Engineer: 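Got a structure here, written out as structure tokens. Questions coming.
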Amino acid sequence: MPRLDDVVAPDGTRIRWWDNGCADDSSPPVVISNGLGASPAAWPFLGGDGHPGPGTPRAVTWHHRGLGGSERPADPDRIRIADHVDDMLAVMDAAGIERATVVGWSVGVAVAFEAARRAPGRIASLLVLGGVAGGGFRGGPSWTPEVLSRGVARASAWSLRVVGPPVAGLISLLPRGLDASGVASWTPGPLQTLAEVAREFSHHDWTWFSRMVLAAGEEPPIPVEEVRVPVTVVAGEFDTMAPVEEMVALADHVRGARLVRLPGTHFLPLQFPELLHDELEALRSHR
């Protein structure tokens, strides 16, 4: 059964981590390098809904610093990609995982690539989606000039401090029986309940979350050409946070990377769980 536990990161910060409780030793286990502030519920095909199905691989993830039960660091500036990598490796140690396939989403893409670069012996392969490997985030359509789009992204991150609380209040009113398939019926396959995922997300401290987003946006590009493990890059054709052009460019810079383009948005784990499951299994079985 899924469980929560705590581990202390190298800088003394207590990190809350999650284990889906599955025991599948046939291939490398999975570490979810999640989107900033996202919960395990965003990954139903990995048992994030609390009900892992037969054959679900063992998967672990963690809550980012100051979010979801993890402590804020004593030094509030210790929220950079390097710090998140420290947390991921500490969680792997606590879980007894020596080597894993890492799934990176959004900000978690940069964390996944930096972990593969820093600790190559511990990363078997990478499945990355909806995020770039550092270098900040864009805001708005892909045709927006870079200087403007990055300004929009920074302004949006700051605005979370103001708009986050009232939006969270509205989310808390969503009925627990709301099925995502009624919201986005054009996507293939069954979808995880979006209301429950959004409700968990709404509990964050929005000022702190804004600070985390801004810190992520200040990260320099990670030299992904140094990564030597199998990599699959999944791009959403309608993702405005990680435009498809940037995801294609990312795949072009990674030696031997496989590129998959899907007609989805930034929230591919909820829109295409079956397809992501298949891509993950292909990586886990890679020899």
Side-chain angles (χ1 to χ4, degrees), residues 1-5 16-35 38-63 68 88-89 91-106 108-109 111-112 115-116 121-130 179-181 184-185 187-197 200 229-236 257-264 267-287:
M1 291 295 295
R3 66 183 180 91
L4 290 171
D5 209 338
R16 178 68 50 85
W17 63 282
W18 172 90
D19 189 328
N20 70 356
C22 295
D24 176 13
D25 298 326
S26 60
S27 295
V30 176
V31 173
I32 304 169
S33 180
N34 225 340
S39 73
W43 302 90
F45 67 90
L46 289 173
D49 57 359
H51 303 286
T56 301
R58 186 187 182 195
V60 302
T61 189
W62 74 99
H63 293 281
M88 187 183 90
L89 295 177
V91 167
M92 290 177 67
D93 289 341
I97 295 175
E98 181 60 33
R99 191 166 179 262
T101 290
V102 177
V103 180
W105 179 31
S106 195
V109 170
V111 178
R122 306 200 64 179
I123 311 302
S125 52
L126 298 177
L127 175 66
V128 297
L129 53 143
D179 190 329
S181 62
S185 58
T187 55
L191 299 178
Q192 170 70 9
T193 301
L194 289 177
E196 192 61 34
V197 175
E200 292 184 28
V229 301
V231 177
T232 296
V233 176
V234 183
R258 167 176 162 79
L259 174 66
V260 178
R261 298 174 65 154
L262 297 176
F267 301 97
L268 296 176
L270 298 174
Q271 293 176 298
F272 298 94
E274 293 92 349
L275 291 177
L276 291 181
H277 171 271
D278 292 345
E279 293 295 338
L280 177 62
E281 288 306 300
L283 280 171
R284 292 180 67 237
S285 62
H286 191 278
R287 294 292 185 267

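Computed from a predicted model, the values in this text were never measured in an experiment. Worth knowing before you read on, the calculation uses all heavy atoms, side chains too, and leaves out hydrogens, waters and symmetry mates. Counting begins at 1 with the first residue of the sequence.
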Engineer: Is the shortest side-chain heavy-atom distance between Asp278 and Leu280 below 4.5 Å?
Structural biologist: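 In short, these two side chains do not touch, never coming nearer than 4.5 Å.
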Engineer: Atom CD of Glu279 and atom CG of Leu268: how far apart are they, to the nearest 0.5 Å?
Structural biologist: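 So the gap between those two atoms works out to 11.5 Å.
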Engineer: If you take all heavy atoms of Thr61 and Val91, which pair is closest and at what distance?
Structural biologist: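 In terms of heavy atoms, the two residues are closest at O-CG1, 4.3 Å.
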Engineer: Calculate, to the nearest 0.5 Å, the distance between atoms CD and OG1 belonging to Glu281 and Thr101 respectively.
Structural biologist: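 The CD atom of Glu281 sits 9.0 Å away from the OG1 atom of Thr101.
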Engineer: So which of Val111, Val102, Val103 actually passes side chain to side chain contact (heavy atoms under 4.5 Å, CB included) with Val31?
Structural biologist: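 With Val31 as partner, side chain to side chain contact (heavy atoms under 4.5 Å, CB included) holds for just one option, Val102.
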Engineer: Does any non-hydrogen side-chain atom of Pro269 lie less than 4.5 Å from one of Leu129?
Structural biologist: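 When only atoms from C-beta onward are counted, Pro269 and Leu129 do touch, with a gap below 4.5 Å.
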Engineer: For Arg99, which residues count as a salt bridge (charged side-chain N to carboxylate O under 4.0 Å, His left out) partner, sequence neighbours excluded?
Structural biologist: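 Counting only residues at least two positions away or on another chain, Arg99 forms no salt bridge (charged side-chain N to carboxylate O under 4.0 Å, His left out).
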Engineer: Are Met88 and Trp62 packed together at the side-chain level, in the sense that at least one heavy-atom pair is separated by less than 4.5 angstrom?
Structural biologist: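 Yes, close enough: below the 4.5 Å cut-off.
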Engineer: Quick one: does Arg58's side chain have a donor or acceptor within less than 3.5 Å of a partner on Pro29's backbone?
Structural biologist: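 Checking the backbone N and O of Pro29 against the side chain of Arg58, no donor-acceptor pair under 3.5 Å is found.
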Engineer: Can you name the nearest heavy-atom pair linking Thr56 to Phe45, along with the distance?
Structural biologist: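 Taking Thr56 first and Phe45 second, the nearest heavy atoms are CG2-O, 3.9 Å.
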Engineer: Counting distance only, does the side-chain N/O of Ser33 pair as donor-acceptor with the main-chain N or O of Gly108 below 3.5 Å?
Structural biologist: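 Yes, Ser33 side chain to Gly108 backbone: donor-acceptor pair under 3.5 Å.
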Engineer: Any sub-3.5 Å donor-acceptor pair from Arg122's side-chain atoms to Ile97's backbone N or O?
Structural biologist: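 The answer is yes, because a donor-acceptor pair under 3.5 Å joins these two groups.
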Engineer: Is there a donor-acceptor contact under 3.5 Å from the side chain of Asp5 to the main chain of Trp18?
Structural biologist: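 Side chain of Asp5 to backbone of Trp18, a donor-acceptor pair under 3.5 Å: no, none is there.
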Engineer: Start with the C-alpha gap between Trp43 and Asn34, add the side-chain angles, then the distance that decides, and say whether side-chain hydrogen bond (donor to acceptor under 3.5 Å, both in side chains) holds.
Structural biologist: CA-CA 9 Å; Trp43 302 90; Asn34 225 340; 2.8 Å; yes
Engineer: Distance from Arg284 atom CZ to Ser125 atom OG, nearest 0.5 Å?
Structural biologist: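 Between Arg284 CZ and Ser125 OG, I get 9.0 Å after rounding to 0.5 Å.
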Engineer: Ignoring hydrogens and angles, tell me if any N or O in the side chain of Ser39 forms a donor-acceptor pair with the backbone of Ala41 under 3.5 Å.
Structural biologist: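 A pair under 3.5 Å: yes.
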Engineer: Search all heavy atoms of Ala38 against all heavy atoms of Trp105 and return the closest pair with its distance.
Structural biologist: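 Smallest interatomic distance, heavy atoms only, reads CB-CZ3, 3.9 Å.
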Engineer: Compare all side-chain heavy atoms of Val60 with those of Ile32 and state whether any distance is below 4.5 angstrom.
Structural biologist: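 They are not in contact (no side-chain heavy atoms under 4.5 Å apart), so the answer is no.
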Engineer: Can you name the closest pair of heavy atoms from Ala42 and Leu270 and give their distance?
Structural biologist: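 That would be O-CD2, 3.8 Å.
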Engineer: Quick check: closest heavy atoms across Leu283 and Leu126, and the distance to 0.1 Å?
Structural biologist: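 So the two residues come closest at CD1-O, 3.2 Å.
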Engineer: Distance check, rounded to the nearest 0.5 Å: Leu276 atom CG versus Leu262 atom CG?
Structural biologist: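 Output value for this atom pair is 6.5 Å.
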Engineer: Can you give me the closest heavy-atom contact between Gly47 and Pro2, atom names plus distance?
Structural biologist: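 Looks like O-CG, 4.4 Å.
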Engineer: Under a 4.5 Å cut-off applied to non-hydrogen side-chain atoms, are Thr232 and Val234 in contact?
Structural biologist: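 Side chain of Thr232 against side chain of Val234, heavy atoms only: contact under 4.5 Å found.
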